[in-house]
Amino acid sequence: MLRYVVSLWFLTLAWAQECQVGNIQVVQNFDRHRYAGRWYAVGKKDPEGLFLLDNIEANFIVADDGSMTATARGKVILLNNWEMCAQMLATFEETGEPAKFRMRYWGVAAYLQTGNDDHWVIDTDYDNYAIHYSCRVLNADGTCQDSYSFIFSRHITGLRLEDQAIVTQKKNDLCLLGKYRRVAHTGFCDSSS
Ligand code: RTL
């Protein structure tokens, strides 16, 4: 019995450790030049409140001085049930860790959301898939209370079969397995850009 309780305690401890935001691993030797260009969101885990719904894509740009910015767009439904395509802009501030940024973002239209969020690149092969993560609010125990995450693909059709296992593993590492939704691409934003 005691053995059982002790191993259960260790298991709980190990699990709690894993879900600490401070223990989350990001991609090693992040190369922003290879990361640049268009990414299609094919999966997302939503934060609390208003968020991008579908048809989400991002375009990362690295300037000559090395600074990174991005544009993004996606469908949102604003309070009055108004479906529209949100055009967003972002700048990235360095943190000392190459794959961890602070992202300041705002809408091209003044009534869209603005924010300043963590922007971490958890994993990427640069040519096919990328896993993004952001924790907005920490719990007292170091786990995340309010996070969002995007699974990006270079291909609008989704992830390649060979990348799916890696992505599932990373979702699990983020303690977010089962919390993602597929992101549809219907061309909703194509006419408005
Ligand atoms: C992602 C990629 C990099 C550029 C930006 C991103 C996030 C955008 C968000 C937009 C939310 C907009 C809302 C508008 C309704 O008012 C990470 C995709 C800017 C979170 C909710």
Side-chain angles (χ1 to χ4, degrees), residues 21 24 26-27 30-63 66-95 97-124 126 128-137 144-156 158-159 167 170-171 174 176 179-186 188-190 192-193:
V21 175
I24 290 176
V26 292
V27 66
F30 178 67
D31 182 342
R32 64 184 75 185
H33 290 99
R34 293 183 65 198
Y35 196 68
R38 188 173 307 280
W39 288 102
Y40 299 98
V42 294
K44 71 179 168 110
K45 187 269 169 194
D46 291 330
E48 283 163 23
L50 210 57
F51 200 56
L52 300 169
L53 284 176
D54 53 36
N55 289 280
I56 305 159
E57 55 182 80
N59 191 21
F60 292 83
I61 301 137
V62 180
S67 63
M68 191 165 80
T69 57
T71 61
R73 66 183 199 188
K75 191 171 88 183
V76 289
I77 297 187
L78 299 181
L79 290 178
N80 41 3
N81 276 335
W82 177 35
E83 273 192 354
M84 68 162 304
C85 185
Q87 308 270 356
M88 311 297 294
L89 301 167
T91 59
F92 295 87
E93 200 180 295
E94 262 139 70
T95 63
E97 284 191 69
K100 292 186 177 178
F101 296 90
R102 289 292 298 176
M103 178 183 83
R104 258 176 218 291
Y105 70 95
W106 61 94
V108 166
Y111 50 80
L112 293 169
Q113 199 171 76
T114 61
N116 188 354
D117 290 340
D118 274 346
H119 186 98
W120 293 2
V121 182
I122 302 302
D123 194 18
T124 185
Y126 302 100
N128 298 289
Y129 73 91
I131 300 145
H132 148 280
Y133 175 80
S134 176
C135 180
R136 278 184 171 160
V137 183
C144 190
Q145 200 203 298
D146 184 17
S147 64
Y148 66 96
S149 170
F150 285 106
I151 308 301
F152 287 121
S153 175
R154 289 290 193 190
H155 323 288
I156 197 167
L159 291 177
V167 169
K170 293 294 174 184
K171 286 175 174 177
L174 292 170
L176 294 179
K179 300 204 170 155
Y180 288 80
R181 293 288 163 269
R182 193 181 293 274
V183 176
H185 287 272
T186 61
F188 180 84
C189 289
D190 292 348
S192 54
S193 67

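Atoms considered below: every heavy atom in the structure, side chains included; atoms not considered: hydrogens, waters and symmetry mates. Just so you know, ligand 1 is whichever comes first in the structure, and atom 1 is the first atom listed for that ligand.
Across all their heavy atoms, Asp117 and Tyr148 have their closest contact at OD2-OH, 2.6 Å. Residues Val21 and Cys144 come closest through the heavy atom pair CG2-CB, 3.6 Å. When all heavy atoms are compared, the tightest approach of Met103 to Ala90 is CG-CB, 3.8 Å. Annotation for Glu48 and Asp146: closest pair N-OD1, 2.9 Å, computed over non-hydrogen atoms.
The contact set between ligand 1 and Ala58, taken as ligand atoms under 4.0 Å from a residue heavy atom, comprises 2 (C). Of all atoms in ligand 1, numbered sequentially from 1 with element shown, those under 4.0 Å from a heavy atom of Ala72 are 4 (C), 5 (C). Remark: ligand 1 atoms within the under-4.0 Å shell around heavy atoms of Leu112 are 15 (C), 16 (O). Near Leu50, with a cut-off below 4.0 Å to any heavy atom, the atoms of ligand 1 are 15 (C), 16 (O), 21 (C). In summary, the atoms of ligand 1 found under 4.0 Å from a heavy atom of Leu52, numbered by their order in the structure, are 8 (C), 9 (C), 10 (C), 11 (C), 12 (C).
The distance between the ring centers of Phe51 and Phe150 falls below 6.0 angstrom.
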Please step through side chain to side chain donor-acceptor pair (under 3.5 Å) for the pair Tyr129 and Asp123, ending with a clear verdict. CA-CA 8 Å; Tyr129 73 91; Asp123 194 18; 3.0 Å; yes
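Nearest protein heavy-atom neighbour of atom 7 (C) of ligand 1: Met103 CE, 3.8 Å. The closest protein non-hydrogen atom to atom 18 (C) of ligand 1 is Phe150 CE1, 3.6 Å. Considering only non-hydrogen protein atoms, atom 20 (C) of ligand 1 sits nearest to Phe51 CE1, 3.6 Å. Atom 21 (C) of ligand 1 has its closest protein heavy atom at Gln113 OE1, 3.4 Å. Scanning the protein for heavy atoms near atom 19 (C) of ligand 1, the closest one is Tyr105 CB, 3.7 Å.
In this structure, Lys171 forms a cation-pi arrangement with Tyr180, its terminal cationic atom sitting closer than 6.0 Å to the ring centre and no more than 45° off the ring axis.
Enclosure of atom CZ in Arg34 by more than 12 non-hydrogen atoms of other residues, nucleotides or ligands within 6.0 angstrom is indicated.
With a heavy-atom cut-off of 4.0 Å, Met88 touches ligand 1 through its side chain alone.
Among the atoms of Tyr111, none of the N or O lies under 3.5 angstrom from an N or O of ligand 1.
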